[in-house]
Protein chains: 4
Amino acid sequence: MSVMALPRSGPVRSEAARLAILEAAAALFAEGGYDHLTIEGVARRAGVGKQTIYRWWSSKGDIIAEAILEGHLLDTRRHLPDTGDARADLAAWLSDLFTLRASPDGEGLLRSFVAAAAGSAETGRRLRAAILAAPLMERLSQALGGATGPRLEAAAEALLGAVILRALSREDFDADDMGTLVDVIAGVPPRA
Amino acid sequence: MSVMALPRSGPVRSEAARLAILEAAAALFAEGGYDHLTIEGVARRAGVGKQTIYRWWSSKGDIIAEAILEGHLLDTRRHLPDTGDARADLAAWLSDLFTLRASPDGEGLLRSFVAAAAGSAETGRRLRAAILAAPLMERLSQALGGATGPRLEAAAEALLGAVILRALSREDFDADDMGTLVDVIAGVPPRA
Amino acid sequence: MSVMALPRSGPVRSEAARLAILEAAAALFAEGGYDHLTIEGVARRAGVGKQTIYRWWSSKGDIIAEAILEGHLLDTRRHLPDTGDARADLAAWLSDLFTLRASPDGEGLLRSFVAAAAGSAETGRRLRAAILAAPLMERLSQALGGATGPRLEAAAEALLGAVILRALSREDFDADDMGTLVDVIAGVPPRA
Amino acid sequence: MSVMALPRSGPVRSEAARLAILEAAAALFAEGGYDHLTIEGVARRAGVGKQTIYRWWSSKGDIIAEAILEGHLLDTRRHLPDTGDARADLAAWLSDLFTLRASPDGEGLLRSFVAAAAGSAETGRRLRAAILAAPLMERLSQALGGATGPRLEAAAEALLGAVILRALSREDFDADDMGTLVDVIAGVPPRA
DNA sequence: AATTAAACGAGACGGTACGTCTCGTCTTATT
DNA sequence: AATAAGACGAGACGTACCGTCTCGTTTAATT
C-alpha cells in the first residue's frame, strides 16, 4: 500500500525564497555567530517576509540545520590531507577545524556551531554527521590499526569531542597538542 | 608591601543580595535551562534591582560561571564510585553525568551547560575545571596505567568531550557504550 | 451607439460564492463587529478563496454595504409600531434601534454600523437610506404636522443623528429620553 | 478616609515622553486620520519605545481621548461667532465644524473623529464634551428661547448628530441646509 | 468533441503592525 | 554609596491580515 500525497492546488513553495533564506542565514551566522542571528535579520537580509520563514522552519536552529545539510555553512569536503601518516593528517585536520573562523576577526566558528547544536537537536545531529564524514572515519580507522564499529565510533567522538571541549574552554591548542590527542586515542605509546 | 583598600564610606556590597542572585540564577537555570534564563527573571526571583546585577556581573554567563564555582549549580564532589575497577567506575560516573537532568521532565542539564559555556568563556573554563576535578583525574590516571601530564589531560578531554558530543547530538548512550569509550581511550584491546 | 460586451467564453460569476460571502460577512459582523471583521475570516467562513472576494469587492466596507442593501444585516422592514401616537411610535422605534445588539452579550450594533460607515462612503449612504426609509419618514411627517422636503429631511437626520451620537458616547438612553428628543424635534412645547 | 498611594521608589513617569507621544499622535491623526494611525508610527515619530506607550495607554483610542482632553487635537475654544442672530451663528459654526479638514487634501476630520469614537468609549465621551461645550450650549439655549435641561441637551445632540450623520454619508452640506437644520430644531416655522 | 478562457478553492508570497518580552541604561527614594 | 524599584529607548519575538500572485481544477461558450 502506498502513501498518496493529498492532491492540492495552489502555489508551490518558492525555491528562490528558500535559498535566499538559507544563504542569508549562513552569511549572518558567519558574520556574527549563532547568538546574534535573528529571524528578523534573516528575513531582512533575504528580502523575505518573516512569515515565509515561520511557515517552513520553526526556529533559527532549524534553519541552521538545513543550511549545514546543504553545505551553505560548512564545506563538508574540506581537505583532509594525505601524507601517508594518518595520525599527522588527522592532527592537521583537527587543528584546522579548531581554528576555523568565519571572518579574520570573527569568533571561533566551532564555538558558534556548538551553541547552535545546544539549541537545536537537529543541528546537533547534522553537524555531527557533517564533520564525522567518511574520509575522516577512514583515516581514523587506519590510525587505529583498522578498528571498525563501536570502537571506531567511540574514537571519533572522543577526538571531535576533545576539540569541541577545548574550543568551549577557549584554550589554545597547537599542532603538538593535537598530535598528543590523536596518539592517546590511537593508543600509541608515549614518544621518547 | 601591602595593598591597602582605599578608605571609603557608605554601605559595602550586600552579601545577601549576592547570594540571592546566585541562588535565583541556579534555580532558574535548573528549571528552564540556560536559554530561558534572563537577567530580569533573576532580579525578580532574587528580589533585587536589575542594577545590582549589572553592577557586579556583566552577563548571565558570568553569573552562571560564579554559581558553578561556588557549587550552587553542580555538586563538584559528586560521588565517583570506587569498586576497584577504575574503568567501570569512570563509565558509571560519565553515564551519570550524561543523564543528569534538572527536573524529572527537564532538558538535559549537560546540554544546558554546554549552551552556557558556548556563550561565556569564563563559564567554559569553570565548567571544565569543575568536572575534570582531582578525583576523576586520579581514577583516569589509574585506568591509563599511570599516565600524567599532557597525555592524561588529553585523555580526560577526550572522555568528557565525547560525552558532550553525544549530549549535543541527543544520542542515547548506555553503560556499555560508555565502557567502550573508556576502553578505547585507555587503550584496552577489544574484549573477546 | 451601443456598448457591446466583449464576447468571452468561460464560467460566469458564481452566485453561490457571492451569497456565501455576504452571509459569512454578515454573520462575522454580527458576532464581532466591524473592527474584527477580516477578509481572511470571511473567506475562511465562506469556504472561498480570497481572490474571489477581491475580484468583486474592493474592501470590507464594500461587502458590508452590499450586505446591508440586500438585507443580510439589517431588517429594513423592522416593525414600526402604529398606535396612532406618531411621537410615541417614533420614540419606541428609535429606542429599539439604539439598543439593538447582535448577540445577547454583543456590542451595540449601531456603534459597529457607525464604524463601518466611517470607513466606507458607500456603507454610510446605504445605511442612512436603509434606516431613513419610507415608513419612518411618513410617521415623522405626521409627527411634524405634515412637513415635507428639506425640513422633513433635516428632522429625520436630527433624530437619527442624536441616536447615533448617544450610541457613540455610550450614554444610556431610555424611552423617556427618546420621547423628549422626538418632542424637541417635532416642536412640541414642554409638557406640564 | 483617604486612599494612600503605596510608597514606591524609582523613577517617575516622564512628562517629556508623555507629551511627545500625544503630539506625535495628534500630528499623525491630522495627517492620515484615525485608521492610519498606528502605535508603531506614534512611537517612531515620538522617538519613544513602544513599551512606553503600552505602559500608560491601552489602545490608540485611549491616546486620542487624552489628546482631545488636553487640546492637542481640537481647539475647544474655536470661535463661535456672535452676530446677535443666534441661529445664524450656530449654522455658521456647524458648517465650519463639518468642513473641518486636517490638511488641505485630507479626509474630513469629523469623520475621523467619529471612527475614533466608534472604537473607544472614552474618546466618544471626550469628543462629545469637547464639542458640546458651554459657549455652544448657551447660544443654542438662546436660539431655543431659553430652553434648559433635558430639552436643551436633546436639541444639542440632535444638532451635532445631524452634522455627524451627514459627514458619515458624505453628503455636501451648505450654509442654507445648516440654517434649515437649526430652524427645525429651534422650532422656527417655515420661512415664507 | 476539442478548445479556450475565466472563475474558482487554496494558499504562498513580501509586507506592516500587533502586543509582549527582555535588553542594558538611567533615575528616584530609601537605607 | 549601595540598594529595590522600575521607567526609558531599543528592538526581537511569534501571530494576524493585508493585497497580490500563482497553482490546478472546473465550467461555459466558441470552434
Side-chain angles (χ1 to χ4, degrees), chain A residues 6-14 16-18 20 36-44 46-56 58-60, chain B residues 8-14 16-17 20 36-44 46-56 58-60, chain C residues 7-14 16-18 20 36-44 46-56 58-60, chain D residues 6-14 16-18 20 36-44 46-56 58-60:
Chain A
L6 287 175
R8 194 186 72 64
S9 66
V12 97
R13 179 171 184 183
S14 159
R18 204 191 121 254
H36 296 106
L37 188 68
T38 66
I39 301 274
E40 297 229 320
V42 172
R44 215 177 299 131
V48 133
K50 281 202 290 176
Q51 197 56 49
T52 300
I53 298 183
Y54 284 110
R55 193 164 10 244
W56 303 108
S58 62
S59 66
K60 62 179 185 171
Chain B
R8 69 166 192 74
S9 66
V12 292
R13 177 170 185 184
S14 156
H36 296 107
L37 187 69
T38 66
I39 301 274
E40 300 227 320
V42 172
R44 215 178 300 131
V48 133
K50 283 200 293 174
Q51 196 55 43
T52 301
I53 298 182
Y54 282 110
R55 202 179 341 262
W56 304 108
S58 64
S59 68
K60 63 178 183 172
Chain C
R8 73 159 197 76
S9 65
V12 295
R13 179 172 183 182
S14 157
R18 201 189 124 256
H36 297 107
L37 188 69
T38 66
I39 301 273
E40 298 224 321
V42 172
R44 214 177 301 132
V48 133
K50 284 201 292 177
Q51 193 67 322
T52 301
I53 298 182
Y54 283 109
R55 194 167 4 247
W56 305 108
S58 63
S59 67
K60 65 177 182 171
Chain D
L6 288 175
R8 187 184 80 60
S9 65
V12 97
R13 179 172 183 183
S14 159
R18 204 190 121 255
H36 296 106
L37 188 68
T38 66
I39 301 274
E40 297 226 319
V42 172
R44 214 177 299 132
V48 132
K50 283 201 290 177
Q51 195 56 44
T52 300
I53 298 183
Y54 284 109
R55 191 162 13 240
W56 304 109
S58 63
S59 66
K60 64 178 184 171

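Here is the naming used below: chain letters follow the sequence lines, and residue numbers restart at 1 for every chain. Below, each value reflects all heavy atoms present in this structure, side chains not excepted, and no hydrogens, waters or symmetry copies.
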Residues forming a side-chain hydrogen bond (donor to acceptor under 3.5 Å, both in side chains) with Lys60(B), sequence neighbours excluded: none
Taking every non-hydrogen atom, the tightest pair across Ala46(A) and Ala20(A): CB-O, 3.5 Å
Sequence-aligned protein contact record of nucleotides 12-19 of chain E, with B where the base is within under 4.0 Å of a protein heavy atom and S where only the sugar-phosphate is: BBBB-BBB
Whole-Å gap separating C1' (dG6(F)) and CD1 (Ile53(B)): 14 Å
Can you give me every donor-acceptor pair (side chain of residues 47-54 of chain A, partner residue at least two apart or in another chain, under 3.5 Å) with its distance?
unit_1   : atom_1 : unit_2   : atom_2 : d
Lys50(A) : NZ     : Glu40(A) : OE2    : 2.7

Lys NZ or Arg CZ of Arg13(C) over Trp56(C) ring: under 6.0 Å, within 45°: yes
